[in-house]
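Here is the structure we will look at.
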Amino acid sequence: MSAHSITEPSGRSKWVAGTLVITYALITMIPLAWIMLTGFKSPADAISYPPKVVFEPTLEGYVNLFTTRTRQTDDFLAANPPENWADEIVRQYDMVIVGPSKFGERFFNSVIIGFGSTFLSIFLGTLAAYAFSRFKIPLADDLLFFILSTRMMPPIAVAIPIFLMYRNLGLSDTHLGMILLYTAVNISLAVWLLKGFIDEIPREYEEAALIDGYTRFQAFYKVVLPQAATGIASTAIFCLIFAWNEYAFAVLLTSATAQTAPPFIPTIIGVGGLDWPAVAAGATIFLLPVMIFTILLRKHLLRGITFGAVRK
Amino acid sequence: MAEVILSNVSKAFRKTQAVTDMDLTVPDGAFVVLLGPTGAGKTTTLRLIAGLEKADTGTIQIGGRDVSVETPAQRDVAMVFQQYSLYPHMSVRDNLAFPLRSPILKTAEDEIARKVAEVAEVLHIPHKLDNKATELSGGEMQRVSIGRALVRDPAIYLMDEPLSSLDAKLRADLRIELKRIHAELAATLLYVTHDQIEAMTMATHVGVLDEGRLVQFGTPREIYENPSSAYVAARLGQPRINLLPTGLFGEDAPQGAAQIGLRPEHIAMDGGAPAHVARVEHLGDQTRLHLKFKDHDVITLTDPHTSLEQGETIHIAPRNPLFFDANGARVA
Ligand SMILES: Nc1ncnc2c1ncn2[C@@H]1O[C@H](COP(=O)(O)OP(=O)(O)OP(=O)(O)O)[C@@H](O)[C@H]1O
Ligand SMILES: [Mg+2]
């Protein structure tokens, strides 16, 4: 049931290990905390030197992230009093909110493409892994190696052919195009990881189900899937993280309709001067889904990344 | 319940010939026990009947149907695996109900509850029904996997050493239970075991396998009293049959006999050739004597309250022994 060694660690080694882990966690969390704090700073505080740790929080960054604004004459501003707290924030700079920014849309694209490609990778990956694990497939080893080999070159090496191909197929700047692309990249990882997990599930379980009157497919989803849940969860996290963070293809292949958040966030910098708080706010919101997804599945992840070495 | 007939069935795994030209008939309502040492092909035979392996040659009939192209589900067999195969993500109750809920049986829930309770009672596990399958001892798991077969009423029950990891008391209880199920439901069973008592007490027929071949098939008494070879003779009997070269006792060996086979009851201890008592094992209900006889080891049984001790000399003689030729085939 646990990954711990047989002998209980001594109090002192626990203490040392704990200190090391906490120190490491703190160090890695500093940039994260910095970004999150910067999202609540005013532009001036964000770039002040020495950096401010104590500051007056403001939602300016978030307002700027989600809105587009224009500068107006004093007359106009006097004639139109601010309607809400967001208006009031932008009035300090003699501006008014003229509409939503594209961030919401881009973020939503990220969600669709990230989760869509993760779902598709896991769906195809599980079926393929099951087939490789359980059936006699001619040239199975060669096929598996071929699948793995797609992972051996940096994906961006094929950027130009894919760019041309997508243009011809009408897949450029579409959600479907990006989902297919990220699925293609992730599928090799998914097949290999999941095959390892499914290999560990004894065949007798399905065989018992087959004899008990179930079809192969029913045995698969009633018996194999529940037991592969751990592996599926951790593979899903790996796939999502890749698709969610992917930048190069997104820059190259998306612009107006299917652009994801990673290529969009840097463009915020250009809108109305170096608006670091808005960038930081965007980065913070961008982080959240993967963080929540990982926290939800962390129990599985812990077992998953040991690649099934932990036996119950 | 139905008759199961294997005709000329062979199965090889790459270079290993697991089952060779097997002709085996499990009569309707019979309790057939398969005996054989490890690797003899017992499990493979069950898997072939269940449809988990495809025979290379030969045909398998269940209830008069050729099942060669049928899926395991269509064959209507229930199997208890050698290794427990409980579904770890389900409770004991759901494990037992699983076969009844299959698309083929689609049993009503109240009927499922009744059957599960009944089987749990038989196997002494009613208090464990709500445990997860992983929260059981080895013996409990084994009982649940027997239970998963017993909830059904299949053409044949296939059981692969189902009682092997149970304690003696439970084993005795379940032997009686299985015998009762066999008698009351007129069930057909094909049962693998290494246990002499299971074979002798439950079986209506015993089949002995040797390297994938069925070498003898008959009633337990026939197999015990009238084995066709030294190999078969060695499968039953505790302590095992003693095999010695002929002529040591000056007996009249039949033509071609090279070995004499002596079970404990074939050894008379009231006169004959001298043998040296090397060790005395008191087992409670019986006593084993390890004898040294003309450089050969002989093991026999004697009275539980024997006063014989290590180092003594006794005189032994064969009484209605079995004779085998140099290859182990029965001569007389
Ligand atoms: N899936 C398999 N692949 C390759 N060889 C196999 C396979 N299954 C069985 N064998 C081989 O076939 C032979 C018969 O195996 P089987 O499992 O039927 O033996 P058994 O009589 O059940 O033995 P045991 O008493 O140890 O369970 C053995 O030599 C075994 O190594
Ligand atoms: Mg076996």
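Treat the numbers as computed from the prediction; the structure is a model and nothing was measured. Residue numbers begin at 1 in each chain, while the letters A, B, ... track the order of the sequences. Values reported hereafter were calculated over all heavy atoms of this structure, with side chains retained and with hydrogens, waters and symmetry mates removed.
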A:A209, part contacting chain B, at a heavy-atom distance under 4.5 Å: both

When you look at A:E207 and B:M79, which way does the side-chain contact (heavy atoms from CB on, under 4.5 Å) test go after all the steps? CA-CA 10 Å; A:E207 292 178 341; B:M79 182 154 167; over 6 Å; no

What's the separation between atom CZ in B:R101 and atom CG in A:D212, rounded to the nearest 0.5 Å? 12.5 Å

What is the ring orientation for A:Y214 with B:F98, classed by angle as parallel under 30°, tilted 30 to 60°, or perpendicular over 60°? parallel

Close side-chain approach of B:P88 and A:Q227, heavy atoms under 4.5 Å: yes

Are A:Q218 and B:P103 packed together at the side-chain level, in the sense that at least one heavy-atom pair is separated by less than 4.5 angstrom? yes

Verify side-chain contact (heavy atoms from CB on, under 4.5 Å) between A:L210 and B:T71, making sure each step is shown before the conclusion. CA-CA 8 Å; A:L210 291 180; B:T71 63; over 6 Å; no

Atom CZ of A:F135: over 12 foreign heavy atoms under 6.0 Å: yes

Heavy atoms of other groups near A:F115 CZ, more than 12 under 6.0 Å: yes

Can you check whether A:K222's main-chain N or O pairs, donor with acceptor, with B:Y87's side chain at less than 3.5 Å? no

Applying side-chain contact (heavy atoms from CB on, under 4.5 Å) between A:I211 and each of B:R152, B:R148, B:R75, report the one that passes. B:R152

Minimum-distance pair of heavy atoms, taken over all atoms of A:G213 and B:A73: CA-CB, 3.6 Å

What do you reckon, is CZ of B:F13 surrounded by more than 12 foreign heavy atoms closer than 6.0 Å? yes

